[in-house]
Amino acid sequence: MLKAELLVKSFGDLQVLKGISLQVAKGEIVTIVGTSGAGKTTLLQILGTLGKPDSGKVWINQKDVFAYNETELSRFRNMEVGFVFQFHHLLPEFSAFENVCIPGYIARKSRKEVESRAKELLGILELSDRLSHKPSQLSGGEKQRVAVARALINHPAIILADEPSGNLDSHNQEELYRLFFDLREKFGQTFIIVTHDEHFAGMSDRTIHIKDGVVVI
(Lines give C-alpha, C1' and ligand atoms only; values in the text may rest on other atoms or scores of the structure.)
Protein backbone atom coordinates (compact mmCIF):
# COMPACT_ATOMS: atom_id res chain seq x y z
CA MET A 1 0.00 0.00 0.00
CA LEU A 2 2.62 2.56 1.12
CA LYS A 3 6.38 2.27 1.08
CA ALA A 4 8.92 4.93 2.01
CA GLU A 5 12.63 4.48 1.44
CA LEU A 6 15.49 6.44 3.00
CA LEU A 7 13.66 9.74 3.50
CA VAL A 8 15.92 12.65 4.33
CA LYS A 9 14.68 16.18 5.02
CA SER A 10 16.44 19.26 6.35
CA PHE A 11 15.31 22.78 7.13
CA GLY A 12 18.38 24.97 6.85
CA ASP A 13 21.11 23.40 8.97
CA LEU A 14 18.65 21.25 10.91
CA GLN A 15 18.29 17.70 9.60
CA VAL A 16 14.81 16.56 10.68
CA LEU A 17 14.60 13.18 8.92
CA LYS A 18 17.74 11.07 8.68
CA GLY A 19 16.97 8.22 6.31
CA ILE A 20 13.59 6.86 7.42
CA SER A 21 12.20 3.76 5.71
CA LEU A 22 8.85 2.11 6.43
CA GLN A 23 6.04 0.08 4.88
CA VAL A 24 2.30 0.03 5.61
CA ALA A 25 -0.03 -2.68 4.31
CA LYS A 26 -3.57 -2.15 3.08
CA GLY A 27 -6.04 -2.08 5.97
CA GLU A 28 -3.40 -1.43 8.63
CA ILE A 29 -3.85 1.15 11.36
CA VAL A 30 -0.33 2.33 12.12
CA THR A 31 0.56 4.94 14.72
CA ILE A 32 3.69 7.09 14.75
CA VAL A 33 4.88 8.26 18.16
CA GLY A 34 7.80 10.28 19.46
CA THR A 35 8.63 13.40 21.41
CA SER A 36 8.04 16.89 20.03
CA GLY A 37 10.64 17.70 17.41
CA ALA A 38 11.30 14.05 16.57
CA GLY A 39 10.17 14.53 12.96
CA LYS A 40 6.71 12.93 13.11
CA THR A 41 4.74 15.69 11.40
CA THR A 42 7.43 16.25 8.78
CA LEU A 43 7.35 12.53 7.99
CA LEU A 44 3.56 12.53 7.74
CA GLN A 45 3.58 15.54 5.42
CA ILE A 46 6.05 13.82 3.10
CA LEU A 47 4.10 10.56 3.13
CA GLY A 48 1.01 12.56 2.19
CA THR A 49 2.89 14.47 -0.56
CA LEU A 50 2.32 17.82 1.19
CA GLY A 51 6.09 18.19 1.30
CA LYS A 52 8.99 16.70 -0.63
CA PRO A 53 12.06 15.01 0.83
CA ASP A 54 15.57 16.15 0.04
CA SER A 55 16.21 12.55 -0.94
CA GLY A 56 14.38 9.23 -0.76
CA LYS A 57 11.20 7.91 -2.33
CA VAL A 58 7.55 7.26 -1.47
CA TRP A 59 5.30 4.79 -3.27
CA ILE A 60 1.53 4.65 -2.76
CA ASN A 61 -0.23 1.76 -4.49
CA GLN A 62 3.07 1.10 -6.30
CA LYS A 63 3.14 4.62 -7.76
CA ASP A 64 6.32 6.66 -7.30
CA VAL A 65 4.49 9.77 -6.13
CA PHE A 66 7.33 12.26 -6.49
CA ALA A 67 7.82 11.26 -10.14
CA TYR A 68 4.63 13.23 -10.88
CA ASN A 69 4.73 16.88 -11.89
CA GLU A 70 2.96 19.37 -9.60
CA THR A 71 -0.39 19.19 -11.41
CA GLU A 72 -0.37 15.39 -11.48
CA LEU A 73 0.70 15.24 -7.84
CA SER A 74 -2.10 17.57 -6.73
CA ARG A 75 -4.67 15.40 -8.48
CA PHE A 76 -3.15 12.22 -7.05
CA ARG A 77 -3.21 13.72 -3.54
CA ASN A 78 -6.84 14.80 -3.90
CA MET A 79 -7.93 11.35 -5.05
CA GLU A 80 -5.69 8.96 -3.12
CA VAL A 81 -4.82 10.61 0.21
CA GLY A 82 -7.22 11.80 2.92
CA PHE A 83 -6.10 14.10 5.72
CA VAL A 84 -7.41 14.62 9.25
CA PHE A 85 -5.80 17.35 11.35
CA GLN A 86 -5.90 18.20 15.04
CA PHE A 87 -7.81 21.44 14.49
CA HIS A 88 -10.16 20.13 11.78
CA HIS A 89 -9.44 22.89 9.23
CA LEU A 90 -13.10 23.09 8.26
CA LEU A 91 -14.07 26.16 6.25
CA PRO A 92 -16.21 28.26 8.62
CA GLU A 93 -18.44 29.80 5.96
CA PHE A 94 -19.63 26.39 4.69
CA SER A 95 -21.96 23.84 6.27
CA ALA A 96 -20.79 20.41 7.40
CA PHE A 97 -22.28 18.92 4.22
CA GLU A 98 -20.54 21.47 1.98
CA ASN A 99 -17.18 20.96 3.75
CA VAL A 100 -17.38 17.23 3.08
CA CYS A 101 -18.30 17.77 -0.59
CA ILE A 102 -15.46 20.16 -1.45
CA PRO A 103 -12.73 17.56 -2.25
CA GLY A 104 -15.21 15.72 -4.48
CA TYR A 105 -16.01 18.91 -6.38
CA ILE A 106 -12.28 19.61 -6.76
CA ALA A 107 -11.91 16.13 -8.24
CA ARG A 108 -14.58 17.12 -10.80
CA LYS A 109 -16.83 14.25 -9.92
CA SER A 110 -20.52 14.64 -10.70
CA ARG A 111 -22.45 16.72 -8.18
CA LYS A 112 -24.95 13.87 -7.74
CA GLU A 113 -22.20 11.36 -6.95
CA VAL A 114 -20.40 13.68 -4.54
CA GLU A 115 -23.51 14.71 -2.63
CA SER A 116 -24.78 11.15 -2.38
CA ARG A 117 -21.43 10.01 -1.01
CA ALA A 118 -21.31 12.93 1.45
CA LYS A 119 -24.76 12.13 2.81
CA GLU A 120 -23.83 8.45 3.11
CA LEU A 121 -20.65 9.22 5.05
CA LEU A 122 -22.29 11.75 7.34
CA GLY A 123 -24.99 9.18 8.04
CA ILE A 124 -22.42 6.52 8.89
CA LEU A 125 -20.74 9.01 11.22
CA GLU A 126 -24.09 9.80 12.88
CA LEU A 127 -24.21 13.36 11.61
CA SER A 128 -27.30 13.23 9.41
CA ASP A 129 -28.98 15.86 11.59
CA ARG A 130 -25.98 18.21 11.30
CA LEU A 131 -25.71 18.57 7.51
CA SER A 132 -26.69 22.23 7.42
CA HIS A 133 -24.78 23.25 10.55
CA LYS A 134 -21.73 25.52 10.24
CA PRO A 135 -18.55 24.47 12.09
CA SER A 136 -19.23 27.07 14.80
CA GLN A 137 -22.46 25.20 15.59
CA LEU A 138 -20.75 21.83 16.05
CA SER A 139 -19.01 20.28 19.05
CA GLY A 140 -15.34 19.35 18.89
CA GLY A 141 -16.18 15.69 18.34
CA GLU A 142 -18.68 16.54 15.60
CA LYS A 143 -16.16 18.76 13.82
CA GLN A 144 -13.63 15.95 13.83
CA ARG A 145 -16.17 13.49 12.42
CA VAL A 146 -16.97 15.96 9.64
CA ALA A 147 -13.22 16.15 8.95
CA VAL A 148 -13.08 12.35 8.77
CA ALA A 149 -16.01 12.29 6.33
CA ARG A 150 -14.26 14.90 4.19
CA ALA A 151 -11.11 12.77 4.18
CA LEU A 152 -13.12 9.77 2.94
CA ILE A 153 -15.16 11.49 0.22
CA ASN A 154 -12.95 10.46 -2.73
CA HIS A 155 -12.41 6.84 -1.59
CA PRO A 156 -8.71 7.47 -0.80
CA ALA A 157 -6.14 4.72 -0.67
CA ILE A 158 -4.90 5.96 2.69
CA ILE A 159 -5.82 8.41 5.45
CA LEU A 160 -3.13 10.35 7.31
CA ALA A 161 -4.03 11.93 10.63
CA ASP A 162 -1.89 14.34 12.65
CA GLU A 163 -2.82 14.31 16.36
CA PRO A 164 -6.53 13.91 15.46
CA SER A 165 -7.60 13.44 19.09
CA GLY A 166 -5.33 16.13 20.55
CA ASN A 167 -8.08 18.73 20.79
CA LEU A 168 -10.79 16.38 22.11
CA ASP A 169 -11.92 15.39 25.60
CA SER A 170 -11.49 11.78 26.72
CA HIS A 171 -15.00 10.71 25.67
CA ASN A 172 -14.63 12.08 22.16
CA GLN A 173 -11.13 10.63 21.91
CA GLU A 174 -12.51 7.14 22.53
CA GLU A 175 -15.31 7.76 20.02
CA LEU A 176 -12.76 8.79 17.38
CA TYR A 177 -10.58 5.76 18.04
CA ARG A 178 -13.55 3.42 17.66
CA LEU A 179 -14.50 5.23 14.47
CA PHE A 180 -11.12 4.53 12.88
CA PHE A 181 -11.46 0.81 13.57
CA ASP A 182 -15.07 0.80 12.34
CA LEU A 183 -13.99 2.45 9.09
CA ARG A 184 -11.25 -0.12 8.65
CA GLU A 185 -13.85 -2.88 9.03
CA LYS A 186 -16.39 -1.20 6.73
CA PHE A 187 -14.14 0.13 3.97
CA GLY A 188 -10.81 -1.68 4.46
CA GLN A 189 -9.37 1.77 5.09
CA THR A 190 -5.66 2.24 5.79
CA PHE A 191 -4.57 4.78 8.43
CA ILE A 192 -1.26 6.32 9.47
CA ILE A 193 -1.77 8.38 12.61
CA VAL A 194 0.68 10.62 14.47
CA THR A 195 -0.26 10.65 18.14
CA HIS A 196 1.02 11.39 21.64
CA ASP A 197 -1.66 9.10 23.07
CA GLU A 198 0.04 5.92 24.23
CA HIS A 199 -3.37 4.32 24.90
CA PHE A 200 -4.40 4.70 21.27
CA ALA A 201 -0.95 3.67 20.06
CA GLY A 202 -1.37 0.47 22.04
CA MET A 203 -4.69 -0.20 20.28
CA SER A 204 -3.24 0.19 16.78
CA ASP A 205 -1.95 -2.69 14.69
CA ARG A 206 1.61 -1.39 14.84
CA THR A 207 3.50 1.54 16.32
CA ILE A 208 6.49 3.22 14.70
CA HIS A 209 8.72 5.08 17.16
CA ILE A 210 10.62 8.11 15.86
CA LYS A 211 13.50 9.69 17.74
CA ASP A 212 15.79 12.43 16.41
CA GLY A 213 14.72 11.76 12.82
CA VAL A 214 15.20 8.01 12.78
CA VAL A 215 13.04 4.96 13.46
CA VAL A 216 13.94 3.27 16.74
CA ILE A 217 12.96 -0.20 17.96
Can you tell whether the side chains of E175 and R178 come within less than 4.0 Å, N to carboxylate O? yes

Let me confirm one number: the CE-CG distance from M79 to N154, rounded to the nearest 0.5 Å. 5.0 Å

Taking K40 for its side chain and T35 for its backbone only, find out whether a donor-acceptor pair lies under 3.5 Å. yes

Indicate if F200 and V33 have the same hydrophobic cluster label, given that clusters are the connected sets of ILVMFWY residues with side-chain heavy-atom separations under 4.5 angstrom. no

Closest non-hydrogen contact found for S21 with V215 is O-CG2, 4.3 Å

Spell out, as yes or no, whether a donor-acceptor pair under 3.5 Å connects the side chain of E163 to the backbone of H196. yes

Run the numbers on D205 and R184 for side chain to side chain contact (heavy atoms under 4.5 Å, CB included), then give the verdict. CA-CA 11 Å; D205 299 321; R184 192 257 296 275; 2.7 Å; yes

Hey, what do you get for CG (L176) to CG (D197), rounding to the nearest 0.5 Å? 10.5 Å

Any salt bridge (charged side-chain N to carboxylate O under 4.0 Å, His left out) involving residues 84-113? Give me the pairs, sequence neighbours left out, ordered by first then second residue. R111-E115

Do R150 and F85 form a cation-pi contact, if we require the NZ or CZ to be under 6.0 Å from the six-membered ring centre and within 45 degrees of the ring's axis? no

Flag the pair P156 / V81 as yes when at least one side-chain heavy-atom distance between them is below 4.5 Å, and no otherwise. no

Looking at N69 and T71, would you say the former's side chain and the latter's main chain have a donor-acceptor pair under 3.5 Å? yes

Where do L127 and L131 come nearest, in terms of heavy atoms and distance? O-CD1, 3.3 Å

Have S132 and S95 got a donor and an acceptor in their side chains that come within less than 3.5 Å? no

D162 side-chain N/O to T41 backbone N/O, donor-acceptor pair under 3.5 Å: no

Output for pair (I153 CD1, H155 NE2), nearest 0.5 Å, gives 7.5 Å

Straight-line distance of K3 NZ to L22 CG, nearest 0.5 Å: 11.0 Å

Atom pair CD (Q144) and CG (N172), whose distance is rounded to the nearest 0.5 Å: 9.5 Å

Would you check, one step at a time, whether the test salt bridge (charged side-chain N to carboxylate O under 4.0 Å, His left out) holds for E72 with R75? CA-CA 5 Å; E72 293 168 337; R75 177 165 178 76; over 6 Å; no

Would a 4.5 Å heavy-atom cut-off, applied to side chains only, mark T190 and L2 as touching? no

Shortest non-hydrogen contact from T31 to S204? OG1-OG, 2.9 Å

Just wondering, do V100 and R117 contact through their side chains at under 4.5 Å, heavy atoms? no

For D54 and S10 the tightest heavy-atom approach is OD2-N, 2.6 Å

Is the shortest distance from a Lys or Arg side-chain nitrogen in K57 or D64 to a carboxylate oxygen in the other one below 4.0 Å? yes

Co-membership, hydrophobic cluster, residues I192 and F76, 4.5 Å side-chain: yes

Where L90 and P135 come nearest, the two heavy atoms and their spacing: CB-CG, 3.8 Å

Count the heavy atoms of every other residue, nucleotide or ligand shown that sit under 6.0 Å from NZ of K119, and state whether that count exceeds 12. no

Are F187 and I124 packed together at the side-chain level, in the sense that at least one heavy-atom pair is separated by less than 4.5 angstrom? yes

Is any side-chain heavy atom of F66 closer than 4.5 Å to one of P53? yes

Please report the closest heavy-atom contact between F97 and A118, naming both atoms and the distance. CE1-CB, 3.7 Å

